[in-house]
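I have a structure I would like to understand better, so I am pasting it below and will then ask my questions one at a time.
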Amino acid sequence: MTEMFGKFIRENYGVREDIYRQGQEVEAGLEETFKRIDAIRDYNQIKVLKAMQDVGIAERHFGGSSGYGYDDIGRDAIDEVYAKTFGAESAVVRSQIVSGTHCLCTALFGVLRPGDELLAVTGKPYDTLDTVIGIRPGNGSLKEFGVIYKQVDLKENGEPDYDAIYEAVNPKTKVVLVQRSRGYCYRPAMTLAQIQKISETVKNKNKSTLVFTDNCYGEFVDVKEPTQCGADFMAGSLIKNPGGGLALSGGYIAGREDIVDMCGERITAPGLGKHLGASQFACRNILQGFYFAPHIVAESLKGAAFASAMVERAGIETSPKSTDVRSDIVQCIKFNDPELMKTFCRAIQAGAPVDSFVIPEAAELPGYDDKVIMAAGAFVQGSSIELSADGPMREPYIAYMQGGLTYANVKLAVLIAMQEISKLM
Ligand SMILES: *Cc1c(COP(=O)(O)O)cnc(C)c1O
């Protein structure tokens, strides 16, 4: 962080000299962490580049298609680029998938059949899957279709309970669900080594059980993906990491070819599969976003490390810690105080490129028991690869911060937040 940066934020945002100095110190202390992030970024960048070159991406792939989308070469090329990059046999990437939840739901319905068991092995899955699985009543949930749900919680220390997983897998266990990211939980993200070990544990008990990873927020954080570490298939959202901030909507499912084909039948209709579906005008953004994704993920990881280091300095607890090796882009900040949390979120909003004039209020949200506060000022609605901070207003007042298209912007937002927080502490 340069004096020039410091002068600008003092003059334009009123960020005090002492806050800026703290930021400078914190940044200097993160040198090793940033080097590690850069190394992963560079590797992933050339991995994506090579996949695009191997597929022979050209102007003709950006044109799009209409109607049924027969012979949509852009769509098919995107599927191939994703598959190659993720070391998977096959992938289906579609802008028509409306969200991460929709994508995970599609993958689960694509594979599970009546009488099958779904076993979540990283505790209760992400909130919005409750109604998909039938943990809470949902019209057309897996439960209504006769899919049995079981769950193995993580151990106290956040590690997978391998013994309990081995015990729980039985001949009816069709799919084991591994959630890589912490989601809205104050627990560590699953590392690829842990995903590998879960997979080995599962397969030791039942070779035909499929390991499925919810990879939301995980893409490009490490040099491999779950499909290269024992997972049979995985899914994620294009308005998170792999969209690189440019994809306007969508989701992907990648993994074993037969499984991806089954999911394809679910995306369109049995018998039609993944060979239909007009990409319309989405191809260029999806491809360019994927190209940028390793870089954007690195920017957001640096922002997360900077944020955690700054709040740690102020004596606030974080997970992961600023210098920890990460497996997702989420930064948990435990404020233990509603005012601090609200102030932090409002400052993040004030630092956004879009809707910076909006003051977030905690409000009721469908599916949540407590009021939720959400700070997001994004070019793409709901995109959380762009900087956002949110969380339910309940003890211990944890804000979940993620994303950031540029590290400099995250830095500014965090410095504004620290200044506002310092007035309350
Ligand atoms: C974001 C997320 C989801 C759901 O994605 P939406 O786009 O919000 O529907 C599911 N699982 C995890 C781990 C997530 O981070």
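Remember, it's 1-based here, ligands and their atoms both numbered in the order they're listed. When reading the values below, keep in mind they use all heavy atoms of this one structure, side chains included, and skip hydrogens, waters and symmetry mates. Throughout, numbering of the chain's residues begins at 1 and tracks the sequence.
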| Starting from atom 6 (P) of ligand 1, which protein heavy atom do you reach first, and at what distance in Å? |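 I find the closest protein heavy atom is G100 N, 3.5 Å.
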| message | Does the plane of the ring in F344 sit parallel, tilted or perpendicular to the ring in F335? Use 30° and 60° as the thresholds. | response | tilted
| message | On a heavy-atom basis, which atom in F212 and which in A107 lie closest, and how many Å separate them? | response | CZ-CB, 3.7 Å
| said: Distance under 4.0 Å to a non-hydrogen atom of Q179: what atoms of ligand 1 satisfy this? | reply: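 Contacts of ligand 1 toward Q179, numbered from 1: 13 (C).
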| atom 11 (N) of ligand 1: the protein heavy-atom neighbour that sits closest, reported with distance to 0.1 Å |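 For this ligand atom, the closest protein heavy atom is D214 OD2, 2.6 Å.
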| message | List ligand 1 atoms under 4.0 Å from S99, heavy atoms only on the residue side. | response |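 Near S99, the atoms of ligand 1 are 7 (O), 9 (O).
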| query | Under 4.0 Å from ligand 1, counting heavy atoms only, is it the side chain of L104, its backbone, both or neither? | reply |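 It is the side chain that touches ligand 1; the backbone stays farther off.
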| query | Looking at Y397, is K334 sitting on its ring face, NZ or CZ under 6.0 Å from the six-membered ring centre and within 45 degrees of the normal? | reply | no
| field | Distance-only side-chain donor-acceptor flag, Q402 / S384, under 3.5 Å | value | no
| Does NZ or CZ of K197 lie under 6.0 Å from the centre of the six-membered ring of Y162, at an angle within 45° of the ring axis? | yes
| Charged tip of K240 within 45° of Y126 ring normal and under 6.0 Å |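 Pair K240/Y126 counts as cation-pi.
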| task | Can you measure from CD1 (I239) to CG (L248) and round to the nearest 0.5 angstrom? | result |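 The CG atom of L248 is 10.0 Å from CD1 of I239, to the nearest 0.5 Å.
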| Can you tell me if R182 has a non-hydrogen atom under 4.0 Å from ligand 1? |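 In this structure, R182 fails to qualify as a contact of ligand 1 - no heavy atom is under 4.0 Å.
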| Starting from atom 2 (C) of ligand 1, which protein heavy atom do you reach first, and at what distance in Å? |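 Heavy-atom neighbour on the protein nearest atom 2 (C) of ligand 1: K240 NZ, 2.3 Å.
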| Atoms of ligand 1 less than 4.0 Å from T101 heavy atoms? |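 Selected atoms, number and element: 4 (C), 5 (O), 6 (P), 9 (O).
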| Considering only heavy atoms, does R180 approach ligand 1 within less than 4.0 Å through its side chain, its backbone, both, or neither? |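 Neither; no heavy atom under 4.0 Å.
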